[in-house]
Amino acid sequence: MREKRTKIQEVLAREPIGEELTLMGWVRTKRASKNVAFIALNDGSTINNIQVVADVEKFGEELLKKVTTGASIAATGKLVASQGAGQSCELIAESIEVFGEADPEKYPLQPKKHSLEFLREIAHLRLRTNTFSAIMRVRHAMAFAVHKFFNDKGFFYINTPIITSSDAEGAGEAFKVTNFELDAIPRNAEGEVDFKQDFFEKEANLTVSGQLEGELAAMALAEVYTFGPTFRAENSNTTRHLAEFWMIEPEMAFYDLKDNMDLAEEMLKYLVQHALDNCADDLAFLEKRAEEEDKNKPQAERAEMTLTERLKFVLENDFERVSYTEAIEILKRSKPNQKKKFQYLIEEWGADLQSEHERFLVEKHFKKPVILYNYPRDIKAFYMRQNDDGKTVGAMDILFPGIGEIIGGSQREERMDKLTERMEAMNIPVEEMSWYLDTRRFGSVPHSGYGLGFERMILFVTGMGNIRDVIPFPRTPGNCEF
Ligand code: ATP
Ligand code: MN
């Protein structure tokens, strides 16, 4: 029988010098002198490797030849205090078992710097790199922290459907779900696709947001949240958009817009604090990685703060709360607008804000996270609560440095007449949405909610620059590998 595995993370934390242990993992590098081989072993439990020392004579060339970068091994031996610099302890191997070899001629991940672009093409292997394993551990910690944050506040986790028949928000952004034979789609007498013959006997889509169903739950459990996959067929090939991403959507009865902002700010700070408290080694590695990447960039594009500084900065500052109307005034008077440097110039109140404007406000003007609120009614969704001025709604977006919009939310319109008035004006089928309107028909209450894009949060916390690099298997236009 094989010995029980001890995790490297635990060994490095506990340093049980003198104990006999079995480590299992993947070889990062092997350095061999005439008499000894030094094997840097990683088992995914931590960014840190442990050094396994193998006597060449004892194990023989034949076995050690198989111990190459990427190969998987078990090593049993005694933990000793390390002689060399760079590590506190090392394992003196008494036995080594090779599970799987990795032919150096063929294994793509050799110990040299690979570009992120190259690694994206081998996303099925990139998790084995330091960078991607660090990101995935941080991602895990953040998912855990999301649940912990809400659980500790007494929120209930609700699973809203992934397949839906409501396309209330998506103006054609939703992926269709069907089991029609695609080369023989049934049509009705009018020549239209006959969805009555489809699996659900109606049109169905992958969800673009769990909000509407989240609202149903909030009308019973008061404070709920969803955390699930979200799909958008938007053809925007940016560094901040995925076709499949994960969204966290709390929905709270009895919250007004300010309560909503307070919760969102508290949550973002909680997540950052959790990362600082629990992911120190991975963050230190990612910070160094970002600094090295920055060295290849022109001075003007380099980050002004280190990753840790950016994270602490979010913790230590109140987010700036600015109305849309104030923001438009700032943008109109701004240098890039005056000098026509913006791609989209801000000319009048009512303009939709682009990422360049959001980033100007956050990175240049306020130099801290910004919560923009009270947006023009006409550029926002039908369910947002109408303000008394007759032209704005109680929407709020949170903008982060380097990211732009990280959260979008609002106080919801709880008044039946106001809501249906908006739906009619925006050509939203009131009949079909009758189930949603029952929330307002029966026991309606003021309520609010928001959506946090999980990968945008991971981008911020890891200091990565492309959203494709913070999800294990990115789906973007033209890319659905693995
Ligand atoms: P954007 O304007 O940046 O495209 P949005 O206004 O369409 O975002 P919302 O509908 O408000 O986004 O969704 C809530 C949150 O979900 C956003 O603030 C963002 O963090 C995240 N999000 C939206 N679309 C995507 C996407 N395609 N990929 C990853 N995250 C996204
Ligand atoms: Mn939004």
Side-chain angles (χ1 to χ4, degrees), residues 139 142 146 160 164 166-175 205-212 214 225-251 260-261 264-265 267-268 271 319 324 327 344 351-359 361-362 369-377 379-384 393-412 448-462 464-480:
R139 189 180 161 107
M142 290 295 90
V146 165
T160 49
T164 74
S166 79
D167 181 22
E169 277 203 90
E173 292 193 341
F175 287 100
N205 300 306
L206 291 179
T207 184
V208 296
S209 158
Q211 178 199 321
L212 302 188
Y225 70 104
T226 73
F227 184 177
T230 309
F231 306 87
R232 293 192 186 173
E234 48 194 346
N235 211 344
S236 41
N237 238 319
T238 75
T239 54
R240 293 165 300 104
H241 289 91
L242 290 163
E244 175 180 300
F245 63 102
W246 288 66
M247 186 146 63
I248 294 133
E249 295 179 277
E251 194 68 38
N260 203 22
M261 293 188 219
E265 180 167 346
M267 178 196 66
L268 291 170
L271 295 179
F319 297 2
Y324 168 91
Y344 297 88
D352 207 351
L353 299 185
Q354 306 293 329
S355 173
E356 57 180 343
H357 309 126
E358 297 174 344
R359 293 187 58 173
L361 291 170
V362 172
V370 171
I371 310 183
L372 284 186
Y373 63 92
N374 288 350
Y375 279 73
R377 186 187 64 192
I379 59 171
K380 287 291 183 186
F382 74 92
Y383 50 70
M384 297 190 178
V393 288
M396 64 112 181
D397 279 6
I398 303 191
L399 315 177
F400 256 37
I403 311 268
E405 179 185 330
I406 195 162
I407 279 182
S410 64
Q411 182 168 348
R412 318 304 190 191
S448 299
Y450 60 82
L452 165 69
F454 187 53
E455 285 74 20
R456 295 210 184 157
M457 186 64 194
I458 306 300
L459 269 182
F460 182 72
V461 172
T462 59
M464 298 298 290
N466 191 320
I467 199 162
R468 291 165 180 78
D469 296 332
V470 296
I471 188 165
F473 302 102
R475 273 79 183 90
T476 52
N479 175 28
C480 190

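Below, all heavy atoms of this structure are taken into account, side chains as well, without hydrogens, waters or symmetry copies. Note that the structure is predicted; figures quoted are calculated from it, not measured. Sequential numbering from 1 along the given sequence is applied to the chain's residues. Atoms within each ligand, like the ligands themselves, are counted from 1 in listed order.
For ligand 1, one of its N or O atoms has an N or O atom of Gly453 under 3.5 Å away. Residue Ile467 has no N or O atom closer than 3.5 Å to an N or O atom of ligand 1. Every N/O-N/O distance between Met247 and ligand 1 stays at or above 3.5 Å.
Interface of Glu405 with ligand 1, defined as ligand atoms under 4.0 Å from a residue heavy atom, comprises 2 (O), 5 (P), 6 (O), 8 (O), 9 (P), 11 (O), 12 (O), 17 (C), 18 (O), 20 (O). Every atom of ligand 1 with a heavy atom of Glu234 under 4.0 Å away is listed here by number and element: 24 (N), 26 (C), 27 (N). Less than 4.0 angstrom separates some heavy atom of Ile407 from each of these atoms of ligand 1: 18 (O). Residue Arg240 has at least one heavy-atom neighbour below 4.0 Å for each of these atoms of ligand 1: 28 (N), 29 (C). Near Gly451, meaning under 4.0 Å from one of its heavy atoms, ligand 1 places the atoms 14 (C), 15 (C).
For Asn374 (side chain) and Tyr324 (main-chain N/O), no donor-acceptor pair under 3.5 Å exists by modelled atom type. Remark: side-chain polar atoms of Glu244 are not paired, donor with acceptor, to backbone N or O of Pro474 under 3.5 angstrom. No side-chain donor-acceptor contact under 3.5 Å links Arg412 to the backbone of Ser448. Remark: the backbone N or O of Gly210 is paired with a side-chain donor or acceptor of Glu249 at under 3.5 angstrom. Formation of a donor-acceptor pair under 3.5 Å by the Glu265 side chain with backbone atoms of Phe319 is found in this model. Asn466 places a side-chain N or O within donor-acceptor distance of the main-chain N or O of Arg468, the cut-off being under 3.5 Å.
Looking at Gln211, Glu173, Arg232, it is Arg232 that brings a heavy atom closest to atom 24 (N) of ligand 1. One option in His241, Lys380, Gln354 has a heavy atom closer to atom 1 (P) of ligand 1 than any other, and that option is His241. The heavy atom nearest to atom 19 (C) of ligand 1, out of those in Met457, Glu249, Arg475, Arg456, is found in Arg456.
Contact check on Lys380 versus Asp352 returns no salt bridge, with no Lys/Arg side-chain nitrogen under 4.0 Å from an Asp/Glu carboxylate oxygen. Looking at Glu405 and Arg456, no side-chain N of the basic residue comes within less than 4.0 Å of a carboxylate O on the acidic one, giving no salt bridge.
Looking at Gln211 and Tyr383, their side chains do bring a donor and an acceptor atom within 3.5 Å of each other.
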_Residues Ile471, Arg139; criterion side chain to side chain contact (heavy atoms under 4.5 Å, CB included); working and verdict_ = CA-CA 8 Å; Ile471 188 165; Arg139 189 180 161 107; 3.7 Å; yes
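A 6.0 Å sphere centred on OH of Tyr344 holds no more than 12 heavy atoms belonging to other residues, nucleotides or ligands.
Of the options Phe227, Phe245, Trp246, a ring-ring contact (aromatic ring centres under 6.0 Å, His included) to Phe454 is made by Phe227 and by none of the others.
Taking distances strictly below 2.8 Å, the protein N/O/S atoms close to the Mn ion (ligand 2) are Glu405 OE2.
The residue Thr230 has no part lying near ligand 1, judged by heavy-atom distances below 4.0 Å.
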